[in-house]
Each structure stands twice: as C-alpha cells, then as structure tokens.
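Notes follow once the structure below has been shown.
Letters go in sequence order (proteins before strands), and every chain restarts at 1.
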Number of protein chains: 2
Amino acid sequence: MARRDEVLDAALELLDEVGLDALTVRRLAAKLGVQPGALYRHYPSKAALLDSMVDRIAAGVPEAEAGLAWDVHARWIARAVRAAMLARRDGARLIATFDRPGPAGVASWRGFTGALAVAGLPPEAAAAAADTVFAYVNGFTIEEQARLDQRARADRDAQFEAGLAIIVGGIKAVLEDPATATGTRAGPGRPRS
Amino acid sequence: MARRDEVLDAALELLDEVGLDALTVRRLAAKLGVQPGALYRHYPSKAALLDSMVDRIAAGVPEAEAGLAWDVHARWIARAVRAAMLARRDGARLIATFDRPGPAGVASWRGFTGALAVAGLPPEAAAAAADTVFAYVNGFTIEEQARLDQRARADRDAQFEAGLAIIVGGIKAVLEDPATATGTRAGPGRPRS
DNA sequence: ACCTGAACACCGTTCAAGT
DNA sequence: ACCTGAACACCGTTCAAGT
C-alpha cells in the first residue's frame with residue numbers, strides 16, 4: 001500500500017513537470033526507475049491512476065467552517081476549488097475530463113447547499129445555485145489554465161472575483177424574490193424598471 | 001481545397017461515431033479509404049485538424065439580431081453556444097481543450113458586450129459580465145456532456161436555465177447598483193437585510 | 001509483494017516515390 | 001494535386017517468469 005502512494009506522488013510530480021498530455025505510463029515508470037508493466041501491479045489502468053490524481057487534487061479543498069453566512073460560504077468555496085485546481089499543472093482540465101462523483105466534491109456541495117438552505121432557499125433552488133457556482137468555477141479555471149498568453153495572477157483573480165460577485169448577486173436576488181428563479185416566465189413584454 | 005473540406009467533414013462524422021478519445025488519424029484515414037500519411041497533405045498535424053473542427057462547431061453559433069435588449073441577448077447567446085457544443089459528441093470538451101481566439105467566438109463576445117454597453121455598463125464591467133456568462137456555459141456544458149448518467153434533456157435544460165437566470169439577475173443587480181460589482185468590498189461585517 | 005523481459009496492437013508523423 | 005509504402009519513435013497493456 002505504501003508503493004501505491006509513491007506511484008501516485010510521482011505521477012503528480014510528473015504532471016507538474018511535463019503537463020497532462022506528456023504524462024505517460026512509460027515516462028512515469030522511467031521516473032520511478034522501473035519497467036512500464038510494473039505499474040499495473042498498483043493501478044489497473046492509466047485511467048484509474050488519473051482518477052486517483054483527481055481525488056488527491058479535490059482533497060486540497062478543505063471543509064468549510066460551520067455556520068458561515070451563505071454568501072461568505074459561496075465565495076470561500078469558489079476560491080478554494082479554483083485554488084486547488086490551480087495548484088497543479090493542467091489541474092482544471094484533469095478534473096473536468098475525469099470527474100467522478102468523488103467524496104470530497106460531494107462534501108463541498110452538501111456544505112454549500114446546506115448553507116443556502118439555512119438562508120431560506122428551497123432545496124431545488126439551492127441545488128441550482130450551487131451547480132451554477134461550480135460550473136462557473138470550472139469553466140473559468142479551465143480557460144484560465146489553458147490560455148497560453150498568461151496575464152498576471154492579480155488580473156485573473158480580479159476577473160474571477162468579478163464573475164463571482166455577479167453570481168452571488170444573482171443568488172441574492174433569488175433569495176429576495178423567488179419569482180426571479182424561473183427566468184423570463186414573468187412575461188417577456190413587461191418593462192423591468 | 002475541396003479535398004481539405006472532405007477530410008474535415010469526415011473528421012466531424014467520425015467524432016460523432018466514435019468520440020474524441022477514439023478520433024484517430026489512422027481511423028480517419030481508413031474512413032476515407034486512404035493511407036494515414038496522406039492526410040498530412042491537407043493538415044500539417046492532428047492538432048491543426050482539431051482546430052478546424054473547433055472553428056466549424058463555433059460557426060454553428062449564428063450572429064445575434066441587432067438591437068436586442070441585453071438580457072434577451074444574454075439568454076440567447078448562452079443557449080446558442082450550448083446548443084452548438086451539444087450538436088457534436090464531446091463538442092464541449094473539444095472546444096475547451098483547443099480554444100483558439102476564433103473569429104466566430106470573438107464576434108459573439110463583441111456582440112454581447114456591445115449590448116451590455118448600450119444598457120449602460122462600463123466596458124470593464126461588460127467584459128466581466130460576458131466572460132462570466134461564457135465561463136458558465138462552458139463549465140455547465142462540459143460537465144453535462146461528460147456525465148455518463150444522462151438525465152432527460154428537459155431536466156438538463158431546466159437546470160441550465162436556472163443558472164442562467166441567476167447570472168442574468170446578478171448582472172441586473174450590477175446595472176442597478178454598480179457598487180455590487182466589487183464583491184465584498186462594501187464591508188464584511190455589515191448585515192444584509 | 002514487487003519487478004523484469006518481451007511481446008501485442010496500437011499511436012502521430014515523415015518522406016521518397018509513384019500517378 | 002494527391003496518394004502509396006514503408007519506416008520511425010512512440011503509446012497502453014498483458015503476462016510468464018524471476019526474486
């Protein structure tokens with residue numbers, strides 16, 4: 001069981017060194033000083049190894065404090081998920097491509113929808129709000145990490161926060177007026193202000 | 001020039017048939033009744049072929065009507081981009097992995113930020129709002145298309161619309177009160193209702 | 001328990017040569 | 001202009017055999 005973890009550690013190191021596209025069973029074996037076939041004693045396939053890597057990256061998101069206000073919770077979880085993805089080269093693409101339900105991800109989701117429920121959102125609306133936040137974080141971070149013309153980290157942070165503010169504001173609007181949640185259903189011809 | 005397009009058409013067909021992971025130069029050559037090396041007369045590399053496929057998928061998003069209200073424009077462009085991605089197997093993952101600036105994508109972005117500017121949003125806020133919508137659409141659709149336990153299309157549509165309503169609501173809040181855009185800057189200790 | 005050696009069926013890509 | 005034939009340097013995976 002110890003060797004299995006050494007293989008996983010080496011794989012994560014190799015990911016940072018060469019990127020996801022060059023992360024090869026054979027290169028990993030060379031890094032470990034071993035024949036390629038030897039790795040199949042520890043993982044049944046490369047896909048299984050990648051799944052374990054995803055779990056490890058997802059585990060980088062700590063549990064939220066209990067009793068956080070929903071909007072503080074929202075910003076906190078969004079930043080934590082983005083940070084965990086950015087911590088590894090191609091982390092966002094890796095997670096997007098090999099998304100399992102994943103116990104760590106499920107826990108984050110439950111914690112956040114719980115906070116939204118406490119704030120008064122019905123379960124369905126809470127789920128929609130949480131899914132929206134996570135879709136935004138994933139979409140933003142995948143694109144951010146894929147871009148070759150890397151802008152400064154501060155600029156990317158500011159852009160991330162701007163989008164986050166929009167979404168938190170949108171959830172607040174739903175909390176204050178649940179009719180908003182159905183989108184245009186209120187009638188397309190009605191003037192708005 | 002005609003043969004180049006035939007290769008591209010065959011590649012898009014093959015994508016629908018076998019999926020992105022099995023989309024292979026050799027399989028494509030077989031489908032065309034040709035030796036693998038022959039394809040390099042038309043595309044300098046597999047990556048170049050994939051880029052062309054992305055362009056074609058992105059071209060599935062038509063130009064927006066002029067003079068649309070910003071919120072109608074927002075919902076329209078979000079739905080159009082999602083629809084274009086869903087029209088091809090693994091379309092979202094393909095686009096996310098091989099995102100070029102892309103003339104079609106740039107046109108969509110300009111059209112939408114233009115509508116937001118007309119509504120009174122300063123350029124920086126309009127860019128942030130547009131980026132947020134596109135990040136959401138990409139994140140949502142990648143996950144949607146990757147899931148193996150496919151729910152009914154109607155359910156997925158409803159969930160997409162719910163997230164869209166949140167984001168449109170958030171942009172509306174920024175339009176009505178630009179101070180919202182800076183997120184928590186107003187002071188974390190302040191009670192909210 | 002862990003690894004070697006050697007093979008199998010694949011990849012993307014190059015390039016002289018043919019028509 | 002387009003394709004063949006043949007090769008090159010890689011892939012992931014399997015499995016008997018060794019220690």
- Message: Heavy-atom nearest nucleotide on DNA chain D for B:L39 versus A:T24: which residue maps closer to 5'?
- Response: B:L39

Please report, rounded to the nearest Å, how far the [atom2] atom of [N] is from the [atom1] atom of [X].
X     : N      : atom1 : atom2 : result
A:L20 : D:dG12 : CG    : P     : 11 Å
A:K46 : D:dC10 : NZ    : C1'   : 12 Å
A:D5  : C:dC2  : CG    : P     : 11 Å
B:L28 : D:dC3  : CG    : C1'   : 15 Å
A:L23 : D:dG12 : CG    : C1'   : 12 Å
B:L50 : C:dC11 : CG    : P     : 15 Å
A:E6  : C:dC3  : CD    : C1'   : 14 Å
A:Q35 : D:dT14 : CD    : C1'   : 14 Å

- Message: Let me spell it out: for each of A:R26 and A:G37, pick the nucleotide of DNA chain C with the closest heavy atom. Which residue's pick is nearer the 5' end?
- Response: A:G37

Which nucleotide in [options] has an atom nearest any side-chain atom of [X]:
X     : options              : result
A:V34 : C:dC3, D:dT4, D:dT13 : C:dC3
B:H42 : C:dC3, D:dC11, D:dC3 : D:dC3
B:R41 : D:dC11, C:dG5, D:dC2 : D:dC2

- Item | Rounded distance (nearest 0.5 Å) linking atom CG of B:D16 with atom CG of B:D90 | 9.0 Å

Using a cut-off of strictly less than 4.0 Å, decide whether [X] has a side-chain nitrogen or oxygen near OP1 or OP2 of [N].
X     : N      : value
B:R4  : D:dA1  : no
A:Y40 : D:dT13 : yes
B:R27 : C:dC10 : no

- Check ion pair A:E161-A:R75 (N to O, under 4.0 angstrom): no

- Message: One thing to verify: whether A:D5 and A:R56 come together as a salt bridge, which I'm taking to mean a side-chain N less than 4.0 angstrom from a carboxylate O.
- Response: no

- Query: Does atom CD of A:E124 have more than 12 heavy-atom neighbours, drawn from other residues, nucleotides or ligands, at distances under 6.0 Å?
  - Reply: no

- Crowded around A:E65 CD? As in, over 12 foreign heavy atoms under 6.0 Å? no

- Item | Contact summary for B:W70 and B:K172, nearest pair of heavy atoms | CH2-N, 3.7 Å

- Query: If you take all heavy atoms of A:S52 and A:Y43, which pair is closest and at what distance?
  - Reply: OG-CE2, 3.4 Å

- Task: Dot-bracket for DNA chain C, please, read 5' to 3', with Watson-Crick or G-U wobble pairs under 3.5 Å on both distances, ( ) within the strand, [ ] crossing, | other strand, . unpaired.
- Result: ||.|||||...|||||.||

